[in-house]
Amino acid sequence: MTATLLTGIGELVTNDPEADDPVGLRRDAALVLDGDRVAWVGAAVDAPAADQAVDVGGRAVLPGFVDSHSHLVFAGDRAEEFAARMAGQSYAAGGIRTTVAATRAATDEQLTARVAALVAEMRRQGTTTVEIKSGYGLTVHDEARSLAVARQFTEETTFLGAHVVPPEHADDPAAYVDLVTGPMLEAARPHARWVDAFCERGAFDADQARAVLEAGAAAGLRGRLHANQLGEGPGVQLAAELGLVAVDHCTYLSDADVAALRDSGTVATLLPGVEFSTRQPYPSGRRLLDAGVRVALASDCNPGSCYTSSLPLCVALAVREMGMTPAEAVHAATYGGALALDRDDVGALVPGRRADLVVLDAPSHVHLAYRPGVPLVQAVWVGGRPV
Ligand SMILES: [Zn+2]
């Protein structure tokens, strides 16, 4: 293995949990990467020798973004639906069915090519770990193949057969839940780490979501949940009660929901690209952080409610619209994402973690929010190598 000294780091975001500030900032820092891991972190003047040295010229370095929520396996395009929404139509969960029809009609090669393009797009913007859900197949065959496609790109794959009731089961949602918790789960299981459901009016109620999560758990999958996106509802309480790792959206929360999140330790994953793209009100990150809730930021990249793959955009929105400081937003998009995937090997630049990092063409992480829309990611390293 070759050790690499990364030096000339004007500002280093370590996310060291032992640090006094939210992101464990260090100035004039250096890193030693050994193989795919971080081996040493410290002041540049104290840096040990290594096989090779790379000077990043005073730029900021931060952990690679961990995007814990995306829906990249799909076909088709819903730009017209977006334009209609911007012309005044409201967002409803049923638009998912448009994508389902296109996805079922696509070949495996077409689906794989789309995911590859989107993962590459994410990588250029600094994402080094991504979770990918199924949920646009909604048949046994199409859910299994969606997950098999996703698995080519990440270990963090999520079975979301309970995304919406497909048209052919519209008259009998209970039979569809039986399919999801039976043969569909069985076919999905070999390709999935997680199970998820969309607990929302127009999708699945709390009893149905509970049935899906419990069946998934019995099959060895860990649970996460889409909840409280379009209004207050039972999903966040269900997630807390079941001790899920993460509950995502959390746009509409009662005080009891916030307390349940704090007490359970379930990560609240905020998806501000959705509010941006649907003109819904943003949730308050400030309220959650002040209550002691663990917060992640993710893209929710999908063709309907939010077609951005950019965590830098999500950071900027969290700062501008959700009351978070730049440091808190960067932490949520890196360390928070790792928490939301229950990963202790990514999301921080401390010895032993994976050497997944972003070099910004900027002196500070603050520029991600201070210069929104500017492509600041100058280099991305995954597993100790530039990519
Ligand atoms: Zn989603």
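In this chain, numbering begins with 1 at the start of the sequence shown.
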Inset, instruction - Step by step, work out the side-chain hydrogen bond (donor to acceptor under 3.5 Å, both in side chains) result for Gln229 and Thr251. - result: CA-CA 5 Å; Gln229 175 188 354; Thr251 305; over 6 Å; no
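- For Leu147 against Ala188, the heavy-atom pair with the smallest separation is CD1-CB, 3.4 Å.
- Put simply, the side chain of Leu225 does not reach to within 4.5 Å of the side chain of Phe204, judged on heavy atoms.
- Using a 4.0 Å cut-off between charged nitrogen and carboxylate oxygen, Arg26 and Asp21 do not count as a salt-bridge pair.
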Legend entry - Working for salt bridge (charged side-chain N to carboxylate O under 4.0 Å, His left out), residues Asp255 and Arg287: CA-CA 10 Å; Asp255 289 345; Arg287 178 187 181 200; 2.8 Å; yes
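- Between Val13 and Leu349 the shortest side-chain heavy-atom distance does not fall below 4.5 Å.
- Taking the six-membered ring where tryptophan is involved, the planes of His226 and His163 are tilted, since the angle between them lies from 30° to 60°.
- The shortest distance between side-chain heavy atoms of Phe276 and Cys314 does not fall below 4.5 Å.
- Here side-chain hydrogen bond (donor to acceptor under 3.5 Å, both in side chains) pairs that include residues 372-387, with residues two or more places apart or in two chains, number zero.
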Legend entry - CA sep, side-chain torsions, deciding dist, call: Arg59, Leu360, side-chain contact (heavy atoms from CB on, under 4.5 Å): CA-CA 6 Å; Arg59 293 181 173 87; Leu360 291 185; 5.7 Å; no
For residues 121-128, dump all side-chain donor-acceptor pairs below 3.5 Å to protein atoms at least two apart in sequence or in another chain.
| residue | atom | partner | partner atom | Å |
| --- | --- | --- | --- | --- |
| Glu121 | OE2 | Ser309 | OG | 2.6 |
| Gln125 | OE1 | Ser310 | OG | 3.2 |
| Gln125 | NE2 | Glu121 | O | 3.0 |
| Gln125 | NE2 | Ser309 | OG | 3.0 |

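- From Tyr176, atom OH reaches atom CG of Leu138 across 4.0 Å, with rounding to the nearest 0.5 Å.
- Using a 30° and 60° split on the angle between ring planes, His69 and His71 fall in the tilted class, from 30° to 60°.
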Legend entry - Candidate pair Thr158 and Glu131, rule side-chain hydrogen bond (donor to acceptor under 3.5 Å, both in side chains), full reasoning: CA-CA 7 Å; Thr158 301; Glu131 179 268 9; 2.6 Å; yes
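- Partners of Asp67 by salt bridge (charged side-chain N to carboxylate O under 4.0 Å, His left out), not counting sequence neighbours: none found.
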